[in-house]
Visitor: 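The structure is given below, and queries will be raised subsequently.
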Amino acid sequence: AAPVQYQAENATISNGLVESNHTGFTGTGFVNYDNEVGSAVEFTVTAPSAGSATLTFRFANGTTANRPMDVSVNGSLAVDELSFPGTGAWTTWQTRTTTVNLNAGTNKIKATATTSNGGPNVDRLDVEPPSGTPDTVA
Ligand code: GCU
């Protein structure tokens, strides 16, 4: 199945602003995380079945400093300090992919800045949900 796209500007934002002053975003804008530890965006995503899902964050970081974020799923840390390196310009958007386990149904995926620089600008999260039937355990 194609990944499902979740726009950051439609997610739940803690200490950040929806902006549109740097071109190249999809949807109506992107989230500018406040420059502080703990600023966050929480996406509500749906998975048809439980299992491993591929997450792809579309982001820009116009600085030369990595802006890592913790990725939590349903309140539990899933990926510790996922790196979001500089992309060269605030108008240059790149993707960062990781894998997490989702429950069947609704899941909360939260990306939280871990340094005082805050997160990168985040445009979108694409979720490729678990596919197929689970492997049979012999
Ligand atoms: C600049 C840029 C913002 C960005 C910010 C930051 O102000 O215009 O889009 O979010 O830097 O450093 O986080």
Side-chain angles (χ1 to χ4, degrees):
V4 180
Q5 299 183 353
Y6 298 91
Q7 293 292 339
E9 63 269 28
N10 297 332
T12 300
I13 301 162
S14 305
N15 299 346
L17 294 171
V18 176
E19 293 181 342
S20 56
N21 56 324
H22 300 299
T23 56
F25 56 82
T26 64
T28 59
F30 56 84
V31 172
N32 171 355
Y33 280 68
D34 288 355
N35 300 117
E36 60 187 41
V37 173
S39 52
V41 174
E42 185 176 69
F43 299 86
T44 301
V45 315
T46 305
S49 58
S52 177
T54 302
L55 307 184
T56 300
F57 292 91
R58 189 167 189 268
F59 75 101
N61 176 359
T63 76
T64 54
N66 177 32
R67 293 200 176 182
M69 296 198 289
D70 283 345
V71 179
S72 70
V73 177
N74 302 320
S76 296
L77 181 63
V79 185
D80 188 44
E81 299 202 276
L82 184 65
S83 64
F84 290 88
T87 59
W90 291 111
T91 50
T92 300
W93 301 86
Q94 295 181 353
T95 55
R96 184 75 171 94
T97 296
T98 191
T99 302
V100 299
N101 283 308
L102 298 181
N103 297 330
T106 299
N107 294 266
K108 300 284 190 183
I109 298 176
K110 191 171 190 178
T112 303
T114 64
T115 76
S116 58
N117 289 326
N121 288 349
V122 173
D123 178 36
R124 196 175 83 208
L125 173 64
D126 292 356
V127 180
E128 178 73 50
S131 61
T133 48
D135 291 345
T136 301
V137 178

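Counting convention: from 1, in listed order, for ligands and their atoms alike.
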Visitor: Can you list every protein residue that has a heavy atom under 4.0 Å from any atom of ligand 1, sorted by chain and residue number?
Guide: His22, Asn32, Asn35, Arg67, Trp90, Asn121
Visitor: Ignoring hydrogens and geometry, is there a side-chain-to-backbone donor-acceptor pair from Glu42 to Thr12 under 3.5 Å?
Guide: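 The answer is no, because no donor-acceptor pair under 3.5 Å joins these two groups.
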Visitor: Strictly distance-based, threshold 3.5 Å: is any side-chain N or O of Trp93 a donor or acceptor partner for the main-chain N or O of Thr23?
Guide: yes
Visitor: Between Ser83 and Arg96, is any side-chain donor less than 3.5 angstrom from a side-chain acceptor?
Guide: yes
Visitor: Considering only residues two or more places apart or on different chains, which pairs with a residue in residues 46-82 satisfy ring-ring contact (aromatic ring centres under 6.0 Å, His included)?
Guide: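 Sorted result for residues 46-82: Phe57-Phe84, Phe59-Phe84.
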Visitor: Report yes if some heavy atom in the side chain of Pro85 is under 4.5 Å from a heavy atom in the side chain of Asn61; otherwise report no.
Guide: no
Visitor: Keeping the roles fixed (side chain from Glu19, backbone from Asn32), state whether a donor-acceptor pair exists under 3.5 Å.
Guide: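 It does not hold such a pair.
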